[in-house]
**Student:** 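To start, I am sharing the structure in question, which I have written as structure tokens.
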Amino acid sequence: MAQYTRVSGSVGLITLQSPPVNALSAAVRQGIVDLMQRALSEPEVKSVVICGQNGIFCGGADIKEFGGQMSGPPLIPMIHAIEAASKPVVAAIEGIALGGGLELALGCHYRIAHSKARVGLPEVTLGLLPGAGGSQRLPRLIGVPAALDLITTGRHVTAAEALKFGLVDQITDHNTVNVAVKFAQRVADQPLDARRISTHPCLCPSDVAVLFEEVMQRVRRTARGAIAPIACVQAVRAAATLPYNQGMERERELMATLFTSGQARALQYFFFAQRAVGRWSMPSGARWDTSKPRPVHKAAVIGLGTMGRGITVALAQAGFSVVAVETQEKQLMEAKQAISGMLERGAKRRGVAPALDKINYGRNIQSVADVDLVIEAVFEDMALKKKVFQQLSAVCKPSTFLCSNTSGLDIDQLACQTRNPELVVGMHFFAPAHVMKLLEVVYGPKSSPLAVATAMQLGKKIGKVSVAVGNCRGFVGNRMLKPYLEQALFLLEEGATPEFVDQVLEEFGFAMGVFRMSDLSGLDVGWKVRLADGLAMPDPTMGQPTRLRQGRRYSPLGDLLCEQGRFGQKTGRGWYQYDKPGSQVAKPDPWLHSFLDEYRARHALVAHRIDHQEVLERCLYSMINEGFRILEDGIAAGPEDIDVIYVFGYSWPRHRGGPMFYAATVGLNKVLERLEHYYQAHPDVPSLQPCHLLRKLVASGSPPIQKWREVIKKVRSQL
Ligand SMILES: CC(C)(COP(=O)(O)OP(=O)(O)OC[C@H]1O[C@@H](n2cnc3c(N)ncnc32)[C@H](O)[C@@H]1OP(=O)(O)O)[C@@H](O)C(=O)NCCC(=O)NCCSC(=O)C[C@@H](O)CCCCCCCCCCCCC(=O)O
């Protein structure tokens with residue numbers, strides 16, 4: 001909807017009214033069309049201002065409408081009509097002008113922005129391009145290089161940057177609408193021809209062909225199979241090389257392809273999934289909207305290894321006072337230096353002062369006595385963590401929240417070491433902790449909603465996407481990783497190479513295949529866990545490792561590599577070879593290939609040809625099957641939680657929506673059928689056995705992912 005008022009006698013003010021972000025829904029578009037006509041027909045009105053209510057100009061097209069039948073006046077003719085209007089139209093931009101919102105502003109003859117406003121064309125992040133003339137008008141206004149940057153990255157720019165580009169005409173610290181109204185009065189009788197951006201020539205540098213080539217190459221390299229960034233370049237190229245009308249036709253063609261693509265559906269699902277995870281709930285019925293967090297002013301980090309350092313940086317950068325504790329003097333000194341360096345580099349990038357004074361370093365755990373929340377980040381060892389929790393419980397004030405940065409250990413066991421187990425939660429950060437967006441907030445059986453709400457809010461304040469999950473081995477992310485890694489090893493045993501498996505997964509869109517990722521994280525990490533679990537033990541009776549552990553198929557390949565000191569990148573050898581320890585360029589290793597041949601011969605395994613489909617199905621479907629088990633067990637509240645964890649924590653390609661959305665795209669019956677097929681071939685691999693929830697969903701007619709929660713609820717209530 002939109003509202004019309006006449007201000008200062010001669011200015012027609014159109015206010016978009018569609019909370020929360022004044023998206024251009026059918027009703028809003030209809031309102032704009034009607035009210036523009038009214039403003040143009042009233043003789044007293046000499047100029048028009050368009051603004052949005054509640055200090056927000058417009059968040060763009062209404063993404064919720066994309067899934068259904070579009071109705072109401074279309075955006076493109078609406079914007080053309082504004083541009084063609086006989087009276088000057090001024091956009092008063094407060095808050096945001098994004099996507100269709102900025103395209104609307106580009107159709108206006110002038111743009112006035114508040115100094116705190118942000119503008120951008122983020123359509124690419126939704127699998128689209130600026131399809132209401134944005135790809136054609138923006139390069140005409142700010143030039144091809146800047147337009148290419150904004151449109152292919154979707155980044156938001158500040159009002160100051162927008163002014164520098166010439167994207168807005170003026171910025172103000174005052175009431176933007178008042179300033180725009182005065183401006184509109186001043187320009188009421190100015191000629192408009194030169195203000196219609198569609199009539200401008202497109203500003204191209206002399207080497208524009210080279211620029212397009214370079215940008216296209218960069219986009220192809222980084223897109224990981226996403227098609228929208230490529231279409232964005234093609235649309236801007238049309239602006240640079242074709243007359244406006246033909247460019248618009250090209251924009252329409254490209255948009256039509258994107259609009260109906262699976263990638264756009266996946267990215268739009270993911271947009272809403274990111275927001276859905278904030279509305280967390282626990283099996284007890286506690287929820288985000290009924291659980292109030294307690295403010296945290298001062299936090300502590302215990303253990304300043306790689307993770308502790310990153311967490312300290314994230315907290316300090318967000319303005320928290322931090323007590324950083326490391327018991328060993330040498331490690332403390334090293335950590336202090338490393339943390340200061342990280343803060344200084346970050347501050348330089350962001351053009352702010354480094355938050356060095358936010359941190360107090362100490363060797364004594366007593367120094368955390370007065371903090372509101374502690375994040376323990378010592379080595380991943382249960383006995384050690386238990387000891388630290390006992391000490392914390394004795395030292396801290398009774399109301400202090402005690403959190404563990406564990407990647408999979410039992411939160412309940414830690415809670416049991418404390419006086420107030422209800423204040424204990426897991427906070428699973430991902431390395432590097434000051435960079436990675438994901439935080440798993442893990443509640444145990446005793447964790448209170450207060451503790452979960454506080455950890456979730458802290459996560460938000462330090463810029464993380466936080467997902468609340470239940471307590472189980474590996475939580476959500478690492479629990480699902482286990483069958484994925486396991487299948488990758490089985491594929492090697494059966495004839496594949498690390499290069500082939502990685503190539504298939506990277507073509508699918510992962511930033512790194514499973515073996516390159518393992519080399520980067522360090523093969524010794526998992527090895528230590530398997531040793532502690534009694535899995536990575538050579539069978540003494542056979543004199544060599546067997547392929548069966550605890551009654552199920554087991555591949556000792558990773559253990560054998562570790563026994564040779566091949567821990568991955570850090571030792572210069574792993575699944576690949578590297579020029580030197582620490583180098584990142586993975587090269588196929590002939591030693592590894594001979595090792596695999598010998599291993600297969602030793603175990604009488606006959607290598608067979610493994611194709612692309614088998615790699616994808618076995619690695620991904622086993623992981624997805626575990627995802628369904630997690631939903632069944634109530635460890636994650638809904639598929640969105642899993643998908644957000646996988647995209648932000650495990651480099652799952654965003655344009656595929658996440659593993660659970662991918663399963664829905666493939667078809668649940670197909671996933672079930674292929675799992676049954678593989679389980680029949682490998683009955684000693686329980687992770688391939690289709691789980692009950694998957695069967696139930698298929699039996700319920702494979703409802704759309706938005707309806708899964710209903711089936712999950714039924715399945716859980718039957719357990
Ligand atoms: C705006 C934000 C920056 C605000 O962030 P903040 O953190 O403050 O708040 P939230 O993110 O939590 O959001 C609050 C709330 O609002 C919902 N929301 C936000 N934006 C939108 C939106 N645009 N639409 C709907 N809902 C929105 C959000 O979901 C939250 O609600 P929830 O209940 O989920 O908690 C931030 O929200 C943000 O970044 N928003 C997205 C901004 C954006 O990406 N905008 C671009 C939208 S796409 C667009 O504009 C497309 C246009 O270029 C062109 C459209 C032309 C269409 C033409 C169709 C042609 C079809 C051709 C088909 C041809 C087929 C054939 O030929 O056959």
Side-chain angles (χ1 to χ4, degrees), residues 16 18-29 32 52-80 93-107 116-138 147 150-151 153-158 228 231-232 235-236 248-261 263-265 267-280 288-289 437 460-461 463-466 638 640 644 654 706:
L16 313 189
S18 180
V21 300
N22 298 322
L24 294 163
S25 63
V28 173
R29 298 196 303 274
I32 298 174
Q53 73 172 6
N54 298 334
I56 291 172
F57 182 70
C58 177
D62 188 339
I63 307 164
K64 290 197 183 92
E65 284 185 352
F66 289 168
Q69 190 66 36
M70 301 280 274
S71 61
L75 208 46
I76 297 176
M78 182 193 93
I79 294 173
H80 272 144
I93 303 173
E94 292 175 304
I96 46 158
L98 297 175
L102 181 57
E103 291 174 300
L104 167 65
L106 290 170
K116 294 215 169 92
R118 285 181 295 133
V119 303
L121 292 174
E123 286 87 342
V124 69
T125 63
L126 298 167
L128 302 174
L129 54 77
S135 74
Q136 304 304 299
R137 284 197 180 88
L138 191 67
L150 261 58
I151 292 173
T153 61
R155 74 185 178 93
H156 301 180
V157 299
T158 59
C232 284
V236 178
M248 281 300 287
E249 181 51 25
R250 184 76 181 122
E251 181 190 271
R252 193 198 61 74
E253 284 166 11
L254 291 163
M255 182 65 158
T257 309
L258 296 179
F259 200 76
T260 48
S261 69
Q263 294 196 2
R265 268 198 297 280
L267 286 160
Q268 288 156 28
Y269 156 81
F270 193 72
F271 173 83
F272 291 113
Q274 277 179 77
R275 280 138 187 100
V277 298
R279 296 189 284 272
W280 56 270
W288 63 284
D289 51 353
K437 290 286 282 179
K460 195 169 179 186
K461 286 196 170 159
K464 304 294 174 201
V465 177
S466 309
E640 298 86 355
V644 167
R654 191 184 290 222
Q706 291 77 7

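Counting convention: from 1, in listed order, for ligands and their atoms alike. Quick note: residue numbers are just sequence positions, from 1.
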**Student:** Out of Thr257, Leu258, Val124, which residue meets the side chain to side chain contact (heavy atoms under 4.5 Å, CB included) rule with Leu129?
**Tutor:** Leu258

**Student:** Look at atom 53 (O) of ligand 1 and find which of Glu123, Glu251, Glu65 reaches it with the closest heavy atom.
**Tutor:**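 Selected option, by shortest heavy-atom distance: Glu123.
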
**Student:** To the nearest 0.5 Å, what is the distance between CZ on Arg137 and CG on Leu121?
**Tutor:** 12.0 Å

**Student:** Show the atoms of ligand 1 that are less than 4.0 angstrom away from any heavy atom in Asp62.
**Tutor:**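 Answer, ordered by atom number: 24 (N), 25 (C).
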
**Student:** When you compare ligand 1 with Gly59, is there at least one nitrogen or oxygen pair between them that comes in under 3.5 angstrom?
**Tutor:** yes

**Student:** Starting from atom 50 (O) of ligand 1, locate the nearest protein heavy atom and write down its residue, its atom name and how far away it is, to 0.1 Å.
**Tutor:**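 Among all protein heavy atoms, the one nearest atom 50 (O) of ligand 1 is Gly100 N, 2.8 Å.
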
**Student:** Report the part of Leu126 in contact with ligand 1, treating N, CA, C, O as backbone and CB onward as side chain, heavy atoms under 4.0 Å; options are side chain, backbone, both, neither.
**Tutor:** side chain

**Student:** Please could you name the atoms of ligand 1 that Gly99 approaches to less than 4.0 Å, counting only its heavy atoms?
**Tutor:**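 What qualifies from ligand 1 is 46 (C), 50 (O).
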
**Student:** For ligand 1 and His156, I'd like to know whether there is a polar contact (N/O to N/O, distance under 3.5 Å).
**Tutor:** no

**Student:** For atom 33 (O) of ligand 1, which of Arg275, Arg279, Arg118 has the closest heavy atom?
**Tutor:**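 Selected option, by shortest heavy-atom distance: Arg279.
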
**Student:** Quick check: does any side chain N or O of Glu251 sit under 3.5 Å from a backbone N or O of Gly133, one acting as donor and the other as acceptor?
**Tutor:**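 It does hold such a pair.
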
**Student:** Are any of the N/O atoms in Gly131 less than 3.5 Å from those in ligand 1?
**Tutor:**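 For ligand 1, there is an N or O atom that lies under 3.5 Å from one belonging to Gly131.
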
**Student:** Can you pull out the closest protein heavy atom to atom 63 (C) of ligand 1? Residue, atom name and distance to 0.1 Å, please.
**Tutor:**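 Of the protein heavy atoms, Phe259 CD2, 3.7 Å lies nearest.
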
**Student:** With the side chain counted from C-beta on, respond yes when Leu126 and Phe270 share a heavy-atom pair under 4.5 Å apart, and no when they do not.
**Tutor:**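 SC-SC contact between Leu126 and Phe270 ruled out.
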
**Student:** Can you check atom 8 (O) of ligand 1: any protein non-hydrogen atom closer than 4.0 Å?
**Tutor:** no

**Student:** Could you check whether any side-chain heavy atom of Met248 comes within less than 4.5 Å of a side-chain heavy atom of Ile76, counting everything from C-beta outward?
**Tutor:**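 Touching, per the 4.5 Å side-chain cut-off.
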
**Student:** So if I count the atoms of ligand 1 from 1 in the order they appear, which ones are less than 4.0 Å from some heavy atom of Glu103?
**Tutor:**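 Within the 4.0 Å cut-off of Glu103, ligand 1 contributes 52 (C), 53 (O), 54 (C).
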
**Student:** Taking all heavy atoms of Trp288 and all of Gly278, pick out the closest pair and write down the distance.
**Tutor:**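 Here Trp288 and Gly278 meet closest at CB-O, 3.5 Å.
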
**Student:** Look at atom 23 (N) of ligand 1 and find which of Ala61, Ala264, Ala97, Pro19 reaches it with the closest heavy atom.
**Tutor:**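 The nearest heavy atom belongs to Ala61.
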
**Student:** To the nearest 0.1 Å, how far is atom 3 (C) of ligand 1 from its closest protein heavy atom, and which atom is that?
**Tutor:**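 Sorting protein heavy atoms by distance from atom 3 (C) of ligand 1 puts Leu98 CD1, 3.8 Å first.
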
**Student:** Give a yes/no verdict on whether any heavy atom in Pro122 is under 4.0 Å from an atom of ligand 1.
**Tutor:**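 Within the 4.0 Å threshold, so yes.
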
**Student:** Using 0.5 Å steps for rounding, measure from the CG atom of Leu104 to the CG atom of Leu24.
**Tutor:** 6.0 Å

**Student:** Would you say atom 31 (O) of ligand 1 has a protein heavy atom nearer than 4.0 Å?
**Tutor:** no

**Student:** Would you check the N or O atoms of Thr125, main chain and side chain alike, for any that come under 3.5 Å of an N or O of ligand 1?
**Tutor:**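 Min N/O separation from ligand 1 is not below 3.5 Å for Thr125.
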
**Student:** Would you mind listing which atoms of ligand 1 come within a distance below 4.0 Å of any non-hydrogen atom of Gly60?
**Tutor:** 50 (O)

**Student:** Rounded to the nearest 0.5 Å, how far apart are CZ of Arg29 and CD of Glu65?
**Tutor:**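 It comes to 5.0 Å.
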
**Student:** For the residue pair His156 and Val119, establish whether any side-chain heavy-atom pair is separated by less than 4.5 Å.
**Tutor:**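 His156 vs Val119: side chains apart.
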
**Student:** Would you say Arg252 has any N or O atom under 3.5 Å from an N or O of ligand 1, going by distance alone?
**Tutor:**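 Such a contact does not occur with ligand 1.
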
**Student:** Would a distance-only check, ignoring hydrogens and angles, find a side-chain to backbone donor-acceptor pair under 3.5 Å from Ser135 to Gly131?
**Tutor:** no

**Student:** Closest non-hydrogen protein atom to atom 26 (N) of ligand 1, residue and atom name please, with distance?
**Tutor:** Lys64 NZ, 4.0 Å

**Student:** Any chance you could measure Leu138, atom CG, to Ile151, atom CD1, to the nearest 0.5 Å?
**Tutor:** 5.0 Å

**Student:** Take every heavy atom of Ile96, measure it against each atom of ligand 1, and state whether any distance is under 4.0 Å.
**Tutor:**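 It does, in that a heavy atom of Ile96 comes within the 4.0 Å cut-off of ligand 1.
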
**Student:** Between Arg279 and Asp289, is there a side-chain heavy-atom distance shorter than 4.5 Å?
**Tutor:** no

**Student:** Can you find a protein heavy atom under 4.0 Å from atom 68 (O) of ligand 1?
**Tutor:**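 Neighbour list for atom 68 (O) of ligand 1 is empty of protein heavy atoms (cut-off 4.0 Å).
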
**Student:** Of the protein's non-hydrogen atoms, which lies at the shortest distance from atom 58 (C) of ligand 1, and what is that distance?
**Tutor:** Met255 CE, 4.5 Å

**Student:** Identify the heavy atoms of Val277 and Glu640 that sit nearest to each other, and give their distance.
**Tutor:** CG1-O, 3.9 Å

**Student:** So for ligand 1, is Met70 a polar contact partner (N or O within less than 3.5 Å, distance only)?
**Tutor:**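 Min N/O separation from ligand 1 is not below 3.5 Å for Met70.
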
**Student:** Quick check on atom 11 (O) of ligand 1 - does any protein heavy atom sit closer than 4.0 Å to it?
**Tutor:** yes

**Student:** Using a 4.0 Å cut-off to any heavy atom of Pro130, which atoms of ligand 1 qualify?
**Tutor:** 53 (O)

**Student:** Where is the nearest protein heavy atom to atom 24 (N) of ligand 1: which residue, which atom, and how far?
**Tutor:** Ile63 N, 3.0 Å

**Student:** Quick check against the 3.5 Å criterion: does Asn22 have a side-chain atom that pairs as donor or acceptor with the backbone of Gln53?
**Tutor:**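 Yes; judged by distance alone, with no hydrogens or angles, the pair exists.
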
**Student:** Identify the closest protein heavy atom to atom 29 (O) of ligand 1: which residue and atom is it, and at what distance?
**Tutor:** Phe272 CE2, 3.4 Å

**Student:** Would you name the heavy atoms of Ala264 and Gly127 that are closest together and state the gap between them?
**Tutor:**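 Distance-wise, the nearest heavy atoms are CB-O, 3.8 Å.
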
**Student:** Could you give the distance from CD1 (Ile63) to OH (Tyr269), rounded to the nearest 0.5 Å?
**Tutor:**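 Going from the CD1 atom of Ile63 to the OH atom of Tyr269 covers 15.0 Å.
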
**Student:** Give a yes or no on whether atom 5 (O) of ligand 1 lies under 4.0 Å from any heavy atom of the protein.
**Tutor:** no

**Student:** Short question: side chain of Glu103, backbone of Gly134 - any donor-acceptor pair under 3.5 Å?
**Tutor:**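 Checked: pair present.
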
**Student:** Is the contact between Pro20 and ligand 1 made by the side chain, the backbone, both, or neither, using heavy atoms and a 4.0 Å cut-off?
**Tutor:**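 For Pro20, the contact with ligand 1 is made by the side chain alone.
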
**Student:** Of all the non-hydrogen atoms in the protein, which one sits nearest to atom 66 (C) of ligand 1, and at what distance?
**Tutor:**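 Going atom by atom, the protein heavy atom closest to atom 66 (C) of ligand 1 ends up being Ala256 CB, 4.5 Å.
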
**Student:** What do we get for Val21 next to ligand 1 when only non-hydrogen atoms under 4.0 Å count, side chain, backbone, both or neither?
**Tutor:**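 It is the side chain that gets close, since no backbone atom is under 4.0 Å.
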
**Student:** Quick one: pull up CG in Asp62 and CE in Met70 and give me the separation to the nearest 0.5 Å.
**Tutor:** 9.0 Å

